[in-house]
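In this chain, residues are counted from 1 in sequence order. We count ligands from 1, going down the list as the structure has it; atoms in each ligand are counted the same way. Heavy atoms only: backbone and side chains are in, while hydrogens, waters and symmetry mates are out.
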Amino acid sequence: MKSVIGWGFIGAGGITKRVMNDFKQLGDARLAAVYSRTGANAEQLAQPYGAKAYTDVETMLRDPEVDAVYVATPHHLHMEHACLALSLGKPVLCEKPIAPNAAQVRTMVEKARETGTFLMEAMWTRFFPVTRRVMQWVSDGAIGDVHYLTADFGFGASENPESRLFNPHTAGGSLLDVGVYAVSYASMIFGGKPVEVLSRSRSTSTGVDARMACLLEYENGQMASLYSSISGSTPQEVRIIGTKGHIEVPRFWSPREARLFVGNQLEEEFKDEPTGEGFGYEFAAVHEDLRAGRQENALIPLDESIAIAETLDRMRAQWGLVYPFEA
Ligand SMILES: NC(=O)c1ccc[n+]([C@@H]2O[C@H](COP(=O)([O-])OP(=O)(O)OC[C@H]3O[C@@H](n4cnc5c(N)ncnc54)[C@H](OP(=O)(O)O)[C@@H]3O)[C@@H](O)[C@H]2O)c1
């Protein structure tokens, strides 16, 4: 791998602009190219960094200056874009949710394994120092045996059928946009898939989930109670409850701090202020994997991305939510 990795961004929307603010601080990467259906959008993102703008995705992927690819199109396009990149041997960091259903995730993982090419879900939460400290507390037994976790992630958006957030054709809805963070967090803490999934949702007028609540039960009786919403904001907090204490993680999806309580006494507080929003952590992890020749990341393994997608599928099956491209 080159000393400075050239990235090609597929998509030039909201998230790519936020990511660029942090990405440009990395010393060992540069933006080489941007694809967007609309030339002006690609050009706007590419131009300040001297990157090339493309309106044909395959041509961008064949650019020899593109060493790695960041897929940041709406969810329903992740599989198509990631698989094309993988089939051309380009490593892929793919925005969350890695795909809208488990069948698509499996196809992507098979393509990565068949081509021996790196693939990772951009579940950036896992790479924050705060999340790593939380995992350390849990694995050190600081709160004893972990029995229960709560997580909520909600924000209020006005219903707009044109927005990818509300459009069933782009796999809109709260579950895939923000609920995935809560499900992924529970998976990180408890490991494996839940044995029981009980969930309910309420729909937007466009037919995707405005909000959902669920209870997940894991093999040895551990439970997670999760909530997501695009119809109202929530505290956006994780609480992890054990036999000896508990952990609180405010703004758990991109955390700045976590608190460890033993009994009900505050035992330790860990704080970390990232550069910018903190997207640099996941890119640095990908760089480390690529330089080490690894094909997946140990903090968000591909089999876990499949398992998380299977849990999301089970919830949607309980609500009867089928996206038009799945029918
Ligand atoms: N990690 C995070 O914190 C975070 C935050 C926000 C979003 N995301 C994820 O990032 C992905 C993109 O979200 P976003 O908010 O950036 O979306 P967005 O603002 O709507 O941008 C989507 C991009 O995809 C392009 N595109 C290509 N084909 C498209 C099609 N058929 N329909 C619509 N757009 C198309 C759009 O540009 P053209 O119209 O020019 O083609 C645009 O550049 C989602 O999967 C989302 O879950 C992650």
Test your reading of the structure: does [X] have an N or O sitting under 3.5 Å from an N or O of ligand 1?
X      : answer
Ala12  : yes
Phe279 : no
Asn41  : yes
Glu95  : yes
Gly13  : yes

Atom indices of ligand 1 within 4.0 angstrom of [X] heavy atoms, with elements:
X      : value
Leu77  : 28 (N), 29 (C), 30 (C), 31 (N)
Ser36  : 37 (O), 38 (P), 40 (O), 41 (O)
Gly11  : 43 (O)
Trp124 : 1 (N), 2 (C), 3 (O)

Query - Intermediate values then yes/no, side-chain hydrogen bond (donor to acceptor under 3.5 Å, both in side chains), Thr150 and Arg239 - result: CA-CA 5 Å; Thr150 62; Arg239 284 176 186 223; 5.3 Å; no
Query raised in the report: Is the closest heavy-atom distance from Ala122 to ligand 1 below 4.0 Å?
Result: no
**Report entry** His78 touching ligand 1 at heavy-atom level, < 4.0 angstrom
**Finding:**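 Checking ligand 1 against His78, which is what was asked, there is a heavy-atom contact under 4.0 Å.
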Query raised in the report: Would you find a donor on one side and an acceptor on the other, under 3.5 Å apart, between the side chain of Asp209 and the backbone of Ser203?
Result: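 No, Asp209 side chain to Ser203 backbone: no donor-acceptor pair under 3.5 Å.
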**Report entry** Lys90 (side chain) donor-acceptor with Leu61 (main chain) under 3.5 angstrom
**Finding:**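 Yes; judged by distance alone, with no hydrogens or angles, the pair exists.
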Query raised in the report: Hey, looking at atom 20 (O) of ligand 1, which of Glu277, Arg18, Arg164, Glu80 has the closest heavy atom?
Result: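 Among Glu277, Arg18, Arg164, Glu80, the closest heavy atom to atom 20 (O) of ligand 1 comes from Arg164.
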Report summary line: Min over Arg37, His81, Glu282 of heavy-atom distance to atom 39 (O) of ligand 1 lands on Arg37
Minimum-distance protein heavy atom relative to [atom]:
atom                    : answer
atom 47 (O) of ligand 1 : Lys96 O, 2.7 Å
atom 19 (O) of ligand 1 : Gly14 N, 2.9 Å
atom 12 (C) of ligand 1 : Ala72 O, 3.4 Å
atom 25 (C) of ligand 1 : Thr73 CG2, 4.0 Å
atom 45 (O) of ligand 1 : His75 ND1, 2.9 Å
atom 5 (C) of ligand 1  : Ile15 CD1, 3.3 Å
atom 22 (C) of ligand 1 : Pro74 CD, 3.7 Å

Requested in this report: Please say which of Ile98, Ile306, Leu86 ends up in a side-chain contact (heavy atoms from CB on, under 4.5 Å) with Val109.
Outcome: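 The residue from Ile98, Ile306, Leu86 that satisfies side-chain contact (heavy atoms from CB on, under 4.5 Å) with Val109 turns out to be Ile306.
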Requested in this report: I would like to know whether Asp272 and Tyr281 meet side-chain hydrogen bond (donor to acceptor under 3.5 Å, both in side chains); could you show each step before the answer?
Outcome: CA-CA 12 Å; Asp272 171 74; Tyr281 297 128; 2.8 Å; yes
Query - Spacing of CD belonging to Glu110 relative to SG belonging to Cys83, to within rounding of 0.5 Å - result: 9.0 Å
Requested in this report: Evaluate whether atom CD of Glu288 has more than 12 neighbouring non-hydrogen atoms of other residues, nucleotides or ligands under 6.0 angstrom away.
Outcome: no
Requested in this report: Inspect the surroundings of CZ in Arg200 and state if more than 12 heavy atoms from other residues, nucleotides or ligands are less than 6.0 Å away.
Outcome: no
Requested in this report: Could you walk me through whether Thr170 and His76 pass the side-chain hydrogen bond (donor to acceptor under 3.5 Å, both in side chains) test, one step at a time?
Outcome: CA-CA 5 Å; Thr170 54; His76 71 297; 5.2 Å; no
Report task. With heavy atoms only and a cut-off of under 4.0 Å, state how Tyr181 meets ligand 1: side chain, backbone, both or neither. Result ->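 For Tyr181, only side-chain atoms sit under 4.0 Å from ligand 1.
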Requested in this report: Establish, yes or no, whether the cationic atom of Arg126 lies under 6.0 Å from the six-membered ring centre of Trp124 and within 45° of the ring axis.
Outcome: no
**Report entry** Is_contact(atom 36 (C) of ligand 1), protein non-hydrogen, under 4.0 Å
**Finding:** no
Query raised in the report: Should Met212 and Trp319 be marked as a side-chain contact (heavy atoms from CB on, under 4.5 Å) after you check the CA-CA gap, both sets of side-chain angles, and the distance that decides it?
Result: CA-CA 10 Å; Met212 74 86 200; Trp319 319 330; 3.5 Å; yes
Query raised in the report: What do the steps show when you test Leu216 against Glu196 for side-chain contact (heavy atoms from CB on, under 4.5 Å), and what is the final call?
Result: CA-CA 6 Å; Leu216 309 181; Glu196 289 289 342; over 6 Å; no
Query raised in the report: Taking atom types as modelled and ignoring hydrogens, do the side chains of Gln295 and Thr117 form a donor-acceptor contact shorter than 3.5 angstrom?
Result: no
